[in-house]
Amino acid sequence: MSSFYITTPIYYVNSTPHIGHAYTTIAADILTRHHKQRGEATFFLTGTDEHASKVYRVAEEQGLDPKTYVDRIAESWKELPKLVDADYDFFIRTTDEGHKRFVQDFIQRIYDNGHIYQDTYAGLYCVGCEAFKTEAELVDGKCPEHGIEPEWIEETNYFFRLSAFQEQLLELYDARPDFVLPRFRYNEARSFIAGGLQDFSLSRAGQPWGVPLPWDESQVVYVWVDALINYLSALTYAREGEDLRAQFWPEARHLIGKDILRFHCVFWPALLLAAGYDVPKQLFVHGYLQLDDRKISKSVGNVIDPLDLVSVYGSDAVRFWAVRAVSFGQDGNVTLESLHDRYQGELANDLGNLVSRTTAMIARYRDGRIPPAVEHSSLAAPIEAVRRDVPAQLDVFDLTAAAETIWTLVRALNKHVETTRPWDLAKDESRAQDLDRVLYELADGLRIATIALSAFLPRSAPEILGALRQPLDLSWDNVAPGRGVQAGGIGPAAPLFPRVDAPTAAA
Ligand code: ME8
């Protein structure tokens, strides 16, 4: 059985989640559900990054000791996946004992392998990025990502010999052209490596919050190193008494936003090589959700709370909109109007009405029983496209294209209703067979579209299958024509996506 291990970034807990965080979590969940449908053993990891200086500072500002603070706020981060129906397998917190132990072991290995040395460093540190910045990276003296002035830091630290890994990383990139997707991100990472790599400080002195270095407890592990290791540490303690590394490493696919490309595409593989581990299978770097061309972020102050959207439109609609509003991988502007329009136009009208019409016609014209299967469905082409293309598109993380492939089938089904006009066929007894055929094609086509959509719409899909009295077997093998069960007892389905009045409802 093949294995599929996917991760989201572990999010900083210096504030609460916004729609940008939900975005990555939703994408990871859709991919996991889809791979599960293909019969693969899946593992979906998400969690929180708790040892950042900025987390420590927020705790201080609130007059709390950091552990009390992170324990409290971690709860609202655990709500995020639940809110969007992301069915993760493990929620890692970097303050977990199992994680801290593993981090120490991991960097001890790098130390023992001779890739760490002591040096003094002075430079500008952006607490937003939790990284040192060069003058060239600043705009008007500020970090362009966070709009804040970096602080001058001068410390004697332990350094990781990243520069020594340049050749090995280039070889890796050359040998594996799909190591990083999309291609333009691969190129970005590769040219960063080719441009020369600087050693970086792997520890911080004088900061009490973090994982102590095993060989010098006066320093803590640099938060980014601590955080990256989560992808491996989780596998060692997520399931008591089991080491999931045997099954899931190096099968990992890391899903990240473009803000953290270098850490993941350059630092992380180098750290793994230094510690004697295999590098992950693949990284996918997506773009930013923006409002008026500005990244949605806490520091810009233009956040959208996913809770507001889910409470009005439901989690399926938010998930669907997330993959359809912006081509996955690119940056894109999102608006509440676009969510409203997709909800109304695509979910309520295209899909919701199709379910209502199909079930109502089967109820009225055939006493609630799906007619016998037909040999060659008129919808064979769009069905075959779903069966063949959706897995291929999701293999390259093209969630937007996969959703569009399925929607082409949904639209074809609606068109089939309009062109065959079952209500006219029903008036003519001599056309009973034609009506049987159309009703079967609609029910079976809708069943197929629903199974394919179940990764995107995990709440609605079982409802649709239920309305069609079909078994709740989401296996991808069932995405094939003619497998519909000739079920009876079908009545007109209740509306799946009830009317929502104004897009401002969630503002
Ligand atoms: O960087 N559009 O955590 P973080 C799309 N702790 N995605 C967005 C987004 C937006 N506007 N805003 C946030 C960290 N994201 C580190 C990660 S991993 C070892 C450590 C998503 O809380 C996107 O996935 O700043 C981005 O990479 C991530 O949230 C950053 O989350």
Side-chain angles (χ1 to χ4, degrees), residues 6-29 45-56 58 70 73-74 76-77 80-81 84 86 91-95 99 103 106 126-131 143 145-146 185 210 221-234 252-269 271-272 280 283-306 321-323 325-335 397 399:
I6 192 150
T7 66
T8 71
I10 48 170
Y11 305 113
Y12 285 131
V13 292
N14 57 317
S15 62
T16 47
H18 61 66
I19 194 71
H21 305 113
Y23 186 60
T24 319
T25 300
I26 288 170
D29 184 65
L45 179 70
T46 189
T48 45
D49 184 356
E50 305 190 357
H51 287 134
S53 319
K54 57 183 166 186
V55 172
Y56 182 70
V58 172
V70 295
I73 198 161
S76 60
W77 284 92
L80 172 72
V84 294
F91 191 98
I92 187 168
R93 297 182 52 192
T94 53
T95 49
H99 172 72
V103 167
F106 187 94
C126 170
V127 76
C129 298
E130 295 287 359
C143 163
E145 184 83 21
H146 295 94
R185 297 294 177 202
V221 178
Y222 171 41
V223 64
W224 261 105
V225 173
D226 171 353
L228 287 164
I229 297 171
N230 93 88
Y231 300 131
L232 197 52
S233 74
R253 273 96 167 164
H254 301 311
L255 206 54
I256 58 166
K258 66 176 186 180
D259 46 342
I260 53 180
L261 176 142
R262 283 183 198 174
F263 291 108
H264 283 81
C265 301
V266 184
F267 291 20
W268 178 226
L271 288 164
L272 285 162
L283 298 107
F284 186 89
V285 187
H286 67 66
Y288 285 160
L289 292 186
Q290 306 174 145
L291 276 179
D292 302 325
D293 292 320
R294 304 191 70 190
K295 180 194 180 194
I296 294 176
S297 84
K298 180 80 196 314
S299 45
V300 178
N302 59 349
V303 297
I304 300 176
D305 186 336
W321 166 73
V323 297
V326 178
S327 178
F328 196 63
Q330 309 290 322
D331 291 337
N333 278 314
V334 292
T335 58
F397 301 80
L399 298 157

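Numbering of ligands and ligand atoms starts at 1, following listing order. The first residue of the sequence shown is numbered 1, and numbering continues consecutively from there.
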Taking atom 16 (C) of ligand 1 as the reference point, the nearest protein heavy atom with its distance: Ile10 O, 3.4 Å

Value rounded to 0.5 Å, distance of CD1 in Ile256 from SG in Cys265: 4.5 Å

Backbone or side-chain N or O of Gly257 under 3.5 Å from ligand 1 N or O: yes

Residue, atom name and distance, where the atom is the protein heavy atom closest to atom 15 (N) of ligand 1: Gly20 O, 3.4 Å

Numbered atoms and elements of ligand 1 in range of Tyr288, under 4.0 angstrom, heavy atoms: 2 (N), 5 (C)

Mode of Trp224 contact toward ligand 1 - side chain, backbone, both, neither (heavy atoms, under 4.0 Å): side chain

Residue-ligand contact Gly287/ligand 1, heavy atom below 4.0 Å: yes

Nearest neighbour in protein (non-hydrogen) for atom 31 (O) of ligand 1: Tyr11 CD2, 3.6 Å

Protein heavy-atom partner closest to atom 29 (O) of ligand 1 - residue, atom, separation in Å: His21 CD2, 3.4 Å

Heavy-atom proximity to atom 18 (S) of ligand 1, best of Tyr231, Tyr12, Trp268: Tyr231

Atom 2 (N) of ligand 1: nearest protein contact (heavy atom, Å): Leu289 N, 2.8 Å

Contact atoms of ligand 1, heavy-atom distance to Ala227 under 4.0 Å: 19 (C)

Plane angle bin for Phe328 and Phe284 - parallel if under 30°, tilted between 30 and 60°, otherwise perpendicular: parallel

Which of the ligand 1 atoms, numbered from 1, are nearer than 4.0 Å to a heavy atom of Asp259: 26 (C), 27 (O), 30 (C)

Residues His51 and Thr95: side-chain donor-acceptor under 3.5 angstrom: no

Sub-4.0 Å atoms of ligand 1 with respect to non-hydrogen atoms of Thr24: 21 (C), 23 (C), 24 (O)

Salt-bridge contact Lys258-Asp331 (side-chain N to carboxylate O under 4.0 Å): yes

Ser53 backbone acceptor or donor facing Glu130 side chain under 3.5 Å: yes

Which segment of Gln290 sits under 4.0 Å of ligand 1 when only heavy atoms are counted: neither

Residue portion contacting ligand 1 (non-hydrogen atoms closer than 4.0 Å) for Tyr23: side chain

Spatial distance of atom CG (Asn14) from atom OG1 (Thr48) [nearest 0.5 Å]: 11.5 Å

Close-contact set for ligand 1 against Ile296 heavy atoms, below 4.0 Å: 10 (C), 11 (N), 12 (N)

Any donor-acceptor N or O pair under 3.5 Å, side chains Tyr11, Thr25: yes

Smallest separation among heavy atoms of Leu271 and Phe106, with atom names: O-CZ, 3.7 Å

Within-shell test, His264 vs ligand 1, heavy atom, strictly < 4.0 Å: yes

Ligand 1 versus His286: contacting region, heavy-atom distance under 4.0 Å: side chain

Any side-chain donor near an acceptor of the partner, Asn333 and Asp293, under 3.5 Å: yes

Atom indices of ligand 1, in the order listed, that fall short of 4.0 Å to a heavy atom of His18: 12 (N), 13 (C)

Flag side-chain contact, heavy atom, 4.5 Å: Ile10 against Thr94: yes

Atoms in ligand 1 flagged as close to Ile260, the criterion being non-hydrogen separation under 4.0 Å: 1 (O), 27 (O)

Subset of ligand 1 atoms that lie under 4.0 Å from at least one heavy atom of Asp49: 6 (N), 16 (C), 20 (C)

Within 6.0 Å of NZ in Lys298, more than 12 heavy atoms from elsewhere: no

Smallest separation among heavy atoms of Lys295 and Asp259, with atom names: NZ-OD2, 3.6 Å

Donor-acceptor side-chain pairing of His21 and Trp77 below 3.5 angstrom: no

